Amino acid sequence: MPDKYYTNSIWSRLNPLRKRYEAVILIHGGGARTMAHWGALQCLVKQGVEPIGFVTRSGGGMPALANVLKLSDYEVREHFRQFHLDEVLSKLKLPVIDQIKYMAFFTKRFGDSELSSLRIPVYMSAIRRSDYRYVYLYENFRLSDALAATSAIPGLIGPMKVGTDAYYDGDMVGGTDVDFAKQKWPGVPVISICLTKEPTAINFMENGIVRAFNAINGGVKLDYSLDLKPDYTIYIDHVNGSLVSPDHIDEHARLGYETVKAEWTAILQSISSVKA
């Protein structure tokens, strides 16, 4: 049964007197741990935040799509529970994850419609292999293609070939996507949701895979500043478990929800101060 903890009543959703707050939501990656993002997003919506656009990285595309497609909390949790690493592993070759099976998972769970046809825009970041440019996937990408491309960690999953090009995980680039969001939706508050990374994870990303990736290709080309700060950043602490383990999804969702609930006064103050 769905967890009523995350469920809005019909009256709460349709109440004409309910205050609503438009915002653009940025969601970083985290693999199976992005269920924490989903919990945070659920609480934001319950408080009256109405996303008018999403800019996501890596696994962060999943909670964004779940919101836009109006999937229930129960459906989203079941989607995450269905992902088992042993079902998508390759047989002693690179990439480690079988791309065809990986793509099939996204197609089955989120459908295969065009990304640009969604009722709320969702832009997914990725690194394009042909010129190593940091791009936002939108036009001419199916949902499954975009999800697979934006989360294609080198060696583990990527590069992921889509159409005539191939892509790497967008979350390999540091910083935020505020510049892009502010240009797309001027005057609209930007809320970023991300996991608080452990020091070991930060060290691995900055001094391991990302640094090696940049050394090989000469750096990633950027058309936007990634140094701008969101109007509010939600950091979700104590998110345990591996990137590929669905074992802690209920715990993660609750952590995300409770984090937003505890910070809602500060969040509201920050987004209310943004003027068009």
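Computed from a prediction, not measured in an experiment: that's the story for all the values here. Side-chain atoms are counted along with the backbone in the values below, which use heavy atoms only and exclude waters and symmetry mates.
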For this session: Sorted by first residue and then second, give each salt bridge (Lys or Arg N to Asp or Glu O under 4.0 Å) pair with at least one member in residues 142-165; sequence neighbours left out.
Result: Asp112-Arg142, Arg142-Asp145
[X] side, atom [atom1]; [Y] side, atom [atom2] - distance, nearest 0.5 Å:
X: Tyr132; Y: Leu222; atom1: OH; atom2: CG; answer: 15.0 Å
X: Glu139; Y: Ser116; atom1: CD; atom2: OG; answer: 4.5 Å
X: Asp171; Y: Ile27; atom1: CG; atom2: CD1; answer: 11.5 Å
X: Leu71; Y: Met62; atom1: CG; atom2: CE; answer: 12.0 Å
X: Arg109; Y: Glu78; atom1: CZ; atom2: CD; answer: 8.5 Å
X: Lys261; Y: Arg254; atom1: NZ; atom2: CZ; answer: 9.5 Å

Exercise. In terms of side-chain heavy atoms, does Ser58 have a donor or acceptor partner in Asp169 at a distance below 3.5 Å?
Worked result: yes
Exercise. Side-chain donor-acceptor pair under 3.5 Å between Tyr232 and Glu263, yes or no?
Worked result: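 A pair is found: one side chain offers a donor N or O, the other an acceptor, under 3.5 Å apart.
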What's the shortest heavy-atom distance between [X] and [Y], and which atoms?
X: Leu41; Y: Pro51; result: CD1-CG, 4.4 Å
X: Ile157; Y: Ser151; result: CD1-O, 3.3 Å
X: Ser270; Y: Val274; result: O-CG2, 3.6 Å
X: Thr259; Y: Leu255; result: OG1-O, 2.7 Å
X: Gly60; Y: Thr34; result: N-CG2, 3.9 Å
X: Val76; Y: Ala66; result: CG2-CB, 3.6 Å

My understanding is that only residues two or more places apart in sequence, or in another chain, count here; which of them pass salt bridge (Lys or Arg N to Asp or Glu O under 4.0 Å) with [X]?
X: Asp237; value: none
X: Asp177; value: Arg57
X: Glu75; value: none
X: Arg128; value: Asp131

Exercise. Which residues pass the side chain to side chain donor-acceptor pair (under 3.5 Å) test with Thr107, sequence neighbours left out?
Worked result: Ser144
State, with a plain yes or no, whether a side-chain heavy atom of [X] is found less than 4.5 Å away from one of [Y].
X: Thr56; Y: Leu26; result: no
X: Val68; Y: Arg119; result: yes
X: Thr176; Y: Asp227; result: no
X: Tyr167; Y: Val162; result: yes

Exercise. Excluding sequence neighbours, so at least two apart, what forms ring pair (Phe, Tyr, Trp, His ring centres under 6.0 Å) with Tyr235?
Worked result: none
Problem set entry | Partner residues of His79 under the ring pair (Phe, Tyr, Trp, His ring centres under 6.0 Å) criterion, sequence neighbours left out | Phe110
For this session: Give every residue pair that meets the ring pair (Phe, Tyr, Trp, His ring centres under 6.0 Å) criterion with at least one member in residues 19-40, sequence neighbours excluded.
Result: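 Of all non-adjacent pairs touching residues 19-40, those that pass ring pair (Phe, Tyr, Trp, His ring centres under 6.0 Å) are Tyr21-Trp264.
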For this session: For Ala146, check side chain to side chain contact (heavy atoms under 4.5 Å, CB included) against everything at least two apart and list the hits.
Result: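 Checked Ala146 against side chain to side chain contact (heavy atoms under 4.5 Å, CB included); matches are Leu115, Met124, Leu137, Phe141.
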For this session: Under the side chain to side chain contact (heavy atoms under 4.5 Å, CB included) rule, collect the residues that match up with Thr164, sequence neighbours excluded.
Result: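 Once residues adjacent in sequence are excluded, Thr164 has no partner under the side chain to side chain contact (heavy atoms under 4.5 Å, CB included) criterion.
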Exercise. Where do Arg133 and Asp223 land on the side-chain contact (heavy atoms from CB on, under 4.5 Å) test, with the steps shown first?
Worked result: CA-CA 8 Å; Arg133 187 168 295 280; Asp223 292 325; 2.7 Å; yes
Exercise. Taking Ser117 for the side chain and Glu114 for the main chain, is one N or O donor matched with an acceptor at less than 3.5 Å?
Worked result: yes
Exercise. Between Tyr224 and Tyr134, does a ring-ring contact (aromatic ring centres under 6.0 Å, His included) hold up when you go through it step by step?
Worked result: CA-CA 9 Å; Tyr224 297 87; Tyr134 185 74; 8.6 Å; no
Exercise. More than 12 non-hydrogen atoms from neighbouring residues, nucleotides or ligands closer than 6.0 Å to CZ on Arg129, yes or no?
Worked result: no
Let me have the donor-acceptor pairs involving side chains of residues 180-195, under 3.5 Å, with sequence neighbours excluded, atom names and distances please.
residue : atom : partner : partner atom : Å
Lys182  : NZ   : Val188  : O            : 3.3
Lys182  : NZ   : Asp231  : OD2          : 3.0
Gln183  : NE2  : Asp179  : OD1          : 2.9

For this session: Please step through side-chain contact (heavy atoms from CB on, under 4.5 Å) for the pair Val55 and Val122, ending with a clear verdict.
Result: CA-CA 6 Å; Val55 186; Val122 178; over 6 Å; no
For this session: Take Arg77 and Asp73 through the salt bridge (Lys or Arg N to Asp or Glu O under 4.0 Å) test and state the conclusion after the steps.
Result: CA-CA 6 Å; Arg77 293 182 190 224; Asp73 180 67; 2.9 Å; yes
Problem set entry | CA sep, side-chain torsions, deciding dist, call: Met103, Met160, side-chain contact (heavy atoms from CB on, under 4.5 Å) | CA-CA 10 Å; Met103 187 84 74; Met160 177 68 70; 4.0 Å; yes
For this session: Evaluate side-chain contact (heavy atoms from CB on, under 4.5 Å) for Ile52 paired with Ile120, printing each intermediate quantity in order.
Result: CA-CA 6 Å; Ile52 64 170; Ile120 298 175; 5.5 Å; no
